[in-house]
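Values below: all heavy atoms of this structure, side chains included; hydrogens, waters and symmetry mates excluded. Just so we're clear, the structure is a prediction, and the values are computed from it rather than from any experiment. In what follows, chains are A, B, ... by sequence order, proteins preceding strands, each numbered from 1.
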Amino acid sequence: MDSKLDSINLQQRKIECQKIMQSHPNQIPIILENDKEINDSKTMENRFLVPKRFKFQEFIFNLRKNMNLPKTSALFISIGGHLPALDKTMISIYDEFKNPDGFLYVRYSSESALG
Amino acid sequence: MENDETTNFEILSANDKSFEVLSGEICQENQNEKEVEIIYANQIFDVLENVMATLNLEERRLRMSSDEFYIATEGNEEIEKDKEAAKQEEVNYYPACNDETNWFSKFGTNIRYKLEDIENMPIFGYDKADFDENCSDIVLLARIYRISAGKLYKRNSFVIGNPRCLKKKFFDDFKKLIWVTYRSGFRPLQSREGGSVKSFTSDVGWGCTIRVGQMMLLNTLKRHLKGSTTEIDLLKLIQENSFSAGFSLHKFMEISHEFLKKPGDWHSPSMVSHFIEKLSEINQIPNFKVKVFMDSMLYRDQVYAIATEKPIEEIRKICICPDDKDEVIKFEKVGDIICSMCNKKTSDYTWKNSVLLIFPLMLGFKKIQPEYSETIKFFLSLPQTAGAIGGKPRSALYLVGYQGNSLLFLDPHFVQPSLTGIEELSSSIDSYHCDSPKLIPINSAESSISLCFYIKDELEFNKFLDKIEENRRLIHGVILVKNQELKQSNEEMLFFQN
């Protein structure tokens with residue numbers, strides 16, 4: 001999961017995360033990763049701070065806006081190999097799936113095409 | 001294959017651009033199963049014969065010279081001419097063209113389909129709808145079929161009866177559904193890639209999601225236009241060789257470039273949902289609209305706007321609360337009647353249109369997550385259901401119901417010749433009906449799925465929303481109902497860099 005950040009020391013990331021959380025106590029630090037299978041320029045690695053009381057669905061809604069995705073494109077976000085229910089709050093998802101370094105890693109995944 | 005001693009059976013199927021080799025031991029070496037082997041072997045030969053007969057392109061098909069080919073490019077003069085011709089004659093058919101280039105993949109596809117049809121066939125076989133004494137209920141587009149002793153008793157929403165009668169009734173109903181499959185030998189579709197131009201005269205191996213979309217649309221339209229149209233008129237809408245067909249494969253491909261797709265590409269259920277929405281705007285069907293909702297969100301104001309044909313700003317100003325709710329009290333204030341629920345004034349509106357709602361969803365990775373299996377069954381048993389564009393990994397299927405923990409589906413992976421005119425259409429209407437109800441376990445179904453609902457009028461819409469509200473636990477937030485789109489909240493997401 002944290003393959004992209006292997007080069008950065010876990011301790012370093014922890015400190016970084018703590019700094020961010022101290023300056024934004026009501027926010028969750030999230031790192032958006034690309035699905036390895038997709039090679040899409042739209043989905044660069046991004047880092048967000050999301051309000052704790054946000055529902056997962058609000059997060060998706062804001063993400064769509066920030067990524068400038070057209071309304072017709074599918075946007076599916078997975079966390080820890082799981083697709084959370086849309087009415088879950090971000091804080092409950094964070095508690096369940098947070099990385100030891102304190103960040104929440106989410107993954108952009110594509111829909112399967114069928115032939 | 002002709003060799004009697006052969007115990008291995010191999011089929012090359014072209015479900016992908018590259019050939020995929022399926023091999024399986026159809027006949028096992030076990031002596032006790034010798035009899036079974038013979039039965040299967042005979043069935044396989046029947047299938048081969050059958051498939052060869054259907055794929056042998058007959059002489060009735062006209063041969064065309066290559067310069068007469070239809071070229072699917074925008075602004076082409078030929079198209080302009082064709083448009084005029086189409087106006088003069090309501091249904092203008094192109095002659096079919098001979099298509100022998102990919103006979104091999106067609107052959108493989110059809111053999112596979114026929115093998116899957118055989119009951120209890122190892123490896124290939126799908127489960128079939130079961131009518132044993134103690135089998136579970138079958139649900140076909142919200143109609144429940146239940147085994148019981150005694151006479152056949154039927155209502156709109158359920159049928160009860162002894163196994164024999166029930167089976168007959170179920171098969172009758174199942175055969176009434178419109179089944180759309182791969183077709184071959186239609187006017188060529190052109191696809192440009194780099195410098196080379198590829199020409200497709202059949203959609204074998206790539207068109208299945210579109211076929212499933214067509215199935216879903218036609219079966220919904222059948223319900224919508226009930227009584228006022230014939231089945232042949234419906235099927236005219238998807239004829240590949242007809243110019244005026246509004247929902248043909250060629251029309252899907254004309255708009256596919258907007259989604260960065262071209263003929264020969266695979267499509268996802270959500271993409272096909274958008275194709276249908278787009279095509280329904282171009283080809284208006286009386287009192288019928290299609291609306292796709294992304295991200296599992298259903299916005300009531302948007303549904304009302306397209307159903308009443310009023311601007312969305314106007315809808316947002318007036319009360320659209322359902323009338324039958326007890327907590328709704330209407331009171332008068334400065335000449336207007338105000339609703340106590342939403343604090344908006346009431347106003348007259350009428351639902352002019354029925355609406356087909358489509359929800360492209362992702363319910364897991366490649367396979368459906370176990371917690372969603374009841375959710376899917378719930379949605380397929382709602383009276384408003386129009387089935388679902390789903391499938392198993394790599395192949396799309398039209399999901400129409402379920403039995404136990406398996407989904408009932410119509411399979412488009414069967415190649416039939418493209419039809420060249422109304423006469424041919426009326427004589428081969430059987431090719432649009434399927435008589436084998438097959439089942440796929442929910443846990444092996446594809447997780448990309450588009451749930452479809454046909455909402456006839458406002459009453460049906462409110463019933464639909466009530467059902468969703470009542471079963472919130474079961475739904476796991478797969479469809480969330482909101483009055484209108486979220487406003488940007490005061491708290492926002494922030495970006496940060498290292």
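Remark: aromatic rings of B:H267 and B:F259 are distant, center separation not under 6.0 Å. Side-chain rings of B:F409 and B:Y126 approach one another, their centers coming within less than 6.0 Å. Between B:Y398 and B:W179, the gap from one ring centroid to the other reaches at least 6.0 Å. Annotation: B:Y182 is not in aromatic contact with B:F414 [ring centroid separation under 6.0 Å not met].
Looking only at heavy-atom pairs under 4.5 Å with chain A, the residue among B:M271, B:K392, B:M297 that has the most is B:M297. For the options B:G207, B:G477, B:S268, heavy-atom pairs under 4.5 Å to chain A are most numerous at B:S268.
B:L465 contributes atom CG, which lies 13.0 Å from atom NZ of B:K467 (distance to the nearest 0.5 angstrom).
With a 4.5 angstrom heavy-atom cutoff, B:M294 touches chain A only via side-chain atoms. For a residue to count as touching a neighbouring chain, one of its non-hydrogen atoms must lie under 4.5 Å from one of that chain's; by this rule B:I475 does not touch chain A. In this structure, no portion of B:K278 lies under 4.5 Å from any heavy atom of chain A. Neither the backbone nor the side chain of A:F56 comes within less than 4.5 Å of any heavy atom of chain B. Only the side chain of A:H24 comes within contact range of chain B, judged by heavy atoms closer than 4.5 Å. Neither the backbone nor the side chain of B:I210 comes within contact range of chain A; no heavy atoms are under 4.5 Å apart. For a residue to count as touching a neighbouring chain, one of its non-hydrogen atoms must lie under 4.5 Å from one of that chain's; by this rule B:P412 does not touch chain A. For B:E277, no part lies under 4.5 angstrom from a heavy atom of chain A.
Residues A:Q57 and B:S296 form no side-chain contact, since every pair of their non-hydrogen atoms from C-beta on lies 4.5 Å or further apart.
With a 6.0 Å radius and a threshold of 12 heavy atoms from other residues, nucleotides or ligands, A:K88 has its NZ atom above the threshold.
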